[in-house]
*Asks:* 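After the structure tokens below, expect a handful of questions from me.
Nothing here was measured: the structure is a model prediction, and the numbers come from that model. As the structure lists them, so they are numbered: ligands from 1, and atoms in each ligand from 1. In what follows, residues are counted from 1 in the order of the sequence shown.
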Amino acid sequence: MDYKNKNAVITGAGRGIGKAIATAFAKAGANIVILEKNEDKDNKLKEEFSSYPGTFTYISIDISDYNAVLDAFAKITEKLGSIDILVNNAGITRDNLLIRMEEKDWDDVINTNLKGTFNCCKAAIPVMMKKRYGKIINIASVIGEIGNAGQINYAASKAGIIGLTKSLAKEVARRNITVNAIAPGFIETSMTKSLPENVVEDYLKSIPERKLGKPEDIANVVLFLSSEAANYITGQVINVDGGLVM
Ligand code: NAD
């Protein structure tokens with residue numbers, strides 16, 4: 001797939017799944033914009049991405065901040081002229097049973113995962129509508145489909161992302177903009193690294209492929225959904241989970 005001259009904005013791409021997505025787009029020739037809460041310490045990412053053919057922009061931002069997001073997208077549009085692809089990937093967990101969950105744990109997860117996705121869609125859609133072209137991919141989770149004890153905030157945010165995806169897909173379909181979601185299963189990143197070994201073993205038993213996924217497994221599907229080969233796919237949730245949810 002060739003993404004030369006395509007401008008791709010990816011949130012939370014400082015590490016993990018987002019970084020794998022940004023890297024896959026960069027290798028395919030796209031101009032990359034990373035919106036990430038953490039700083040790019042010592043310009044490490046900037047240096048890493050300088051070997052790819054497209055341009056690289058790193059914006060340090062909290063995507064739950066509505067005005068900051070609108071501002072950032074205005075600057076991106078001024079610099080690049082358009083936004084062709086938006087991948088809403090940034091996400092956090094603050095796990096606890098409802099009985100012990102603090103209000104802040106609920107608010108932080110909903111504000112980052114769900115409101116952050118709204119903020120970026122809200123900022124990108126007018127630009128995409130103007131060009132009559134756009135591909136939005138929202139990273140949900142299998143947990144948004146099947147739930148999980150200890151993750152009511154995360155599950156609600158990801159189920160919300162699925163509802164947002166389907167509704168927005170209906171709103172913008174006639175403008176040549178597709179909106180899809182990916183529901184990853186258990187992927188090897190820092191988000192899952194802290195799980196105790198016995199918990200991972202239990203998870204593995206419920207995954208028909210009997211293995212955890214890699215960030216690249218998600219990046220491959222993002223690139224497909226962003227390509228012209230996927231023009232007739234919108235409002236869908238694609239599970240990338242080794243068969244966990246069928
Ligand atoms: P990760 O924690 O490794 O990376 C998430 C990135 O998002 C980090 O770089 C973090 O700094 C950034 N981020 C967090 N809050 C932000 C904010 N407010 N503004 C900007 N950036 C912010 O996580 P990951 O495993 O790579 O997960 C990526 C996405 O995939 C998340 O949405 C997650 O919910 C989803 N997901 C992951 C798994 C998994 O097994 N790892 C499974 C299902 C879904």
Side-chain angles (χ1 to χ4, degrees), residues 9-24 33-41 44-45 48 57-73 86-95 104-105 107-120 123 136-148 151 153-162 164-165 181-195 199-200 203-204 206-207 209 211-222 237-242 244-245:
V9 178
I10 306 115
T11 68
R15 65 177 189 217
I17 292 170
K19 188 179 173 200
I21 294 167
T23 305
V33 181
I34 289 181
L35 299 186
E36 166 62 54
K37 198 170 182 177
N38 293 329
E39 298 282 334
D40 182 19
K41 278 201 193 113
K44 254 180 112 177
L45 280 172
E48 197 178 319
T57 310
Y58 191 98
I59 300 175
S60 191
I61 187 175
D62 178 349
I63 54 144
S64 67
D65 182 336
Y66 181 72
N67 288 321
V69 168
L70 292 191
D71 232 45
F73 275 76
L86 166 64
V87 185
N88 286 302
N89 163 80
I92 58 167
T93 52
R94 297 284 182 271
D95 299 350
K104 187 172 171 10
D105 297 332
D107 287 346
D108 285 352
V109 169
I110 298 295
N111 285 341
T112 296
N113 300 7
L114 184 55
K115 190 181 173 208
T117 299
F118 161 75
N119 289 345
C120 295
I136 298 180
I137 292 99
N138 297 324
I139 306 300
S141 166
V142 291
I143 303 305
E145 301 175 306
I146 60 175
N148 196 21
Q151 290 198 302
N153 48 0
Y154 184 75
S157 74
K158 295 299 187 177
I161 285 174
I162 291 172
L164 180 157
T165 300
I182 293 173
F186 293 96
I187 310 297
E188 279 175 35
T189 69
S190 50
M191 197 177 259
T192 47
K193 209 166 57 190
S194 53
L195 292 172
V199 174
V200 175
Y203 280 143
L204 283 172
S206 58
I207 301 171
E209 287 192 14
K211 59 183 181 192
L212 300 187
K214 303 222 172 299
E216 291 71 25
D217 293 323
I218 308 303
N220 288 338
V221 182
V222 171
V237 183
I238 314 287
N239 281 60
V240 183
D241 62 2
L244 177 63
V245 177

*Asks:* Heavy-atom distances under 4.0 Å are what count here, so tell me which part of Lys158 touches ligand 1: side chain, backbone, both or neither.
*Replies:* side chain
*Asks:* Take atom CD of Glu216 as the centre, draw a 6.0 Å sphere, and report whether it contains more than 12 heavy atoms from other residues, nucleotides or ligands.
*Replies:* yes
*Asks:* May I ask whether Ile92 has any heavy atom positioned less than 4.0 angstrom from an atom of ligand 1?
*Replies:* yes
*Asks:* For residues Lys115 and Tyr66, report the shortest heavy-atom separation together with the two atoms involved.
*Replies:* NZ-CB, 4.4 Å
*Asks:* Quick one: are Asp40 and Ser60 in side-chain contact, heavy atoms under 4.5 Å?
*Replies:* no
*Asks:* Identify the closest protein heavy atom to atom 37 (C) of ligand 1: which residue and atom is it, and at what distance?
*Replies:* Ile17 CD1, 3.7 Å
*Asks:* What's the shortest distance from atom 25 (O) of ligand 1 to any protein heavy atom, and which residue and atom give it?
*Replies:* Thr189 OG1, 2.5 Å
*Asks:* Using a 4.0 Å cut-off to any heavy atom of Gly16, which atoms of ligand 1 qualify?
*Replies:* 26 (O)
*Asks:* For the residue pair Phe73 and Leu35, establish whether any side-chain heavy-atom pair is separated by less than 4.5 Å.
*Replies:* yes
*Asks:* Check whether any side-chain heavy atom of Asn239 sits under 4.5 Å from a side-chain heavy atom of Glu145, and report yes or no.
*Replies:* yes
*Asks:* For the side chain of Asn119 and the backbone of Ile63, is there at least one donor-acceptor N/O pair under 3.5 Å apart?
*Replies:* yes
*Asks:* Please state which protein non-hydrogen atom is closest to atom 32 (O) of ligand 1 and give its distance, to 0.1 Å?
*Replies:* Asn89 O, 2.7 Å
*Asks:* Which ligand 1 atoms does Phe186 reach within 4.0 Å, using its non-hydrogen atoms?
*Replies:* 40 (O)
*Asks:* How far is atom 13 (N) of ligand 1 from the closest protein heavy atom, and which atom is that?
*Replies:* Ala90 CB, 4.0 Å
*Asks:* Short list, please: which atoms of ligand 1 are under 4.0 Å from a heavy atom of Ile63?
*Replies:* 17 (C), 18 (N), 19 (N), 20 (C)
*Asks:* Does the residue Ser190 have a heavy-atom contact with ligand 1, meaning some pair of atoms that are separated by less than 4.0 Å?
*Replies:* yes
*Asks:* Closer than 4.0 Å to some heavy atom of Asn38 - which atoms of ligand 1 meet that?
*Replies:* 11 (O)
*Asks:* Out of curiosity, is Lys19 lining ligand 1, as in a heavy atom under 4.0 Å away?
*Replies:* no
*Asks:* For atom 1 (P) of ligand 1, what's the nearest protein heavy-atom neighbour? Residue, atom name and distance, please.
*Replies:* Arg15 NE, 3.5 Å
*Asks:* Lys19 versus Leu45: any side-chain heavy-atom pair under 4.5 Å?
*Replies:* yes
*Asks:* Return the closest protein heavy atom for atom 38 (C) of ligand 1 as residue, atom name and distance.
*Replies:* Gly185 O, 3.9 Å
*Asks:* State whether a side-chain donor-acceptor pair under 3.5 Å links Asn138 with Thr117.
*Replies:* no
*Asks:* Considering the heavy atoms of Ser141, write down every atom of ligand 1 situated less than 4.0 Å from one of them.
*Replies:* 43 (C), 44 (C)
*Asks:* Does Ala183 come within less than 4.0 angstrom of ligand 1, counting non-hydrogen atoms of the residue?
*Replies:* no
*Asks:* Looking at atom 11 (O) of ligand 1, what's its closest protein heavy atom, distance included?
*Replies:* Glu36 OE2, 2.5 Å
*Asks:* Hey, looking at atom 21 (N) of ligand 1, which of Lys193, Lys115, Glu39, Lys37 has the closest heavy atom?
*Replies:* Lys37
*Asks:* Counting each atom of ligand 1 from 1 as listed, which ones have a heavy atom of Ile61 under 4.0 Å away?
*Replies:* 19 (N), 20 (C)
*Asks:* Is there a side chain to side chain contact (heavy atoms under 4.5 Å, CB included) between Phe118 and Leu114 once you walk through the steps?
*Replies:* CA-CA 6 Å; Phe118 161 75; Leu114 184 55; over 6 Å; no
*Asks:* Taking Ile218 as the fixed residue, which of Ile17, Asn89, Thr189 is the one that meets the side-chain contact (heavy atoms from CB on, under 4.5 Å) rule?
*Replies:* Ile17
*Asks:* Which residue and atom name correspond to the protein heavy atom nearest atom 18 (N) of ligand 1, and how close is it?
*Replies:* Asp62 OD1, 2.9 Å
*Asks:* So which of Ile34, Ile137, Ile182, Val222 actually passes side-chain contact (heavy atoms from CB on, under 4.5 Å) with Ile21?
*Replies:* Val222
*Asks:* Considering only heavy atoms, which of Ala13, Pro184, Ser60 lies nearest to atom 43 (C) of ligand 1?
*Replies:* Pro184
*Asks:* Apply side chain to side chain contact (heavy atoms under 4.5 Å, CB included) to the pair Asp217 and Lys214, showing each step before the final yes or no.
*Replies:* CA-CA 5 Å; Asp217 293 323; Lys214 303 222 172 299; 3.7 Å; yes
*Asks:* Looking at Tyr154, which atoms of ligand 1 are within less than 4.0 Å of one of its heavy atoms?
*Replies:* 33 (C), 34 (O), 35 (C), 36 (N), 43 (C), 44 (C)
*Asks:* Does any part of the side chain of Thr11, heavy atoms only, come nearer than 4.5 Å to the side chain of Cys120, both counted from C-beta?
*Replies:* yes
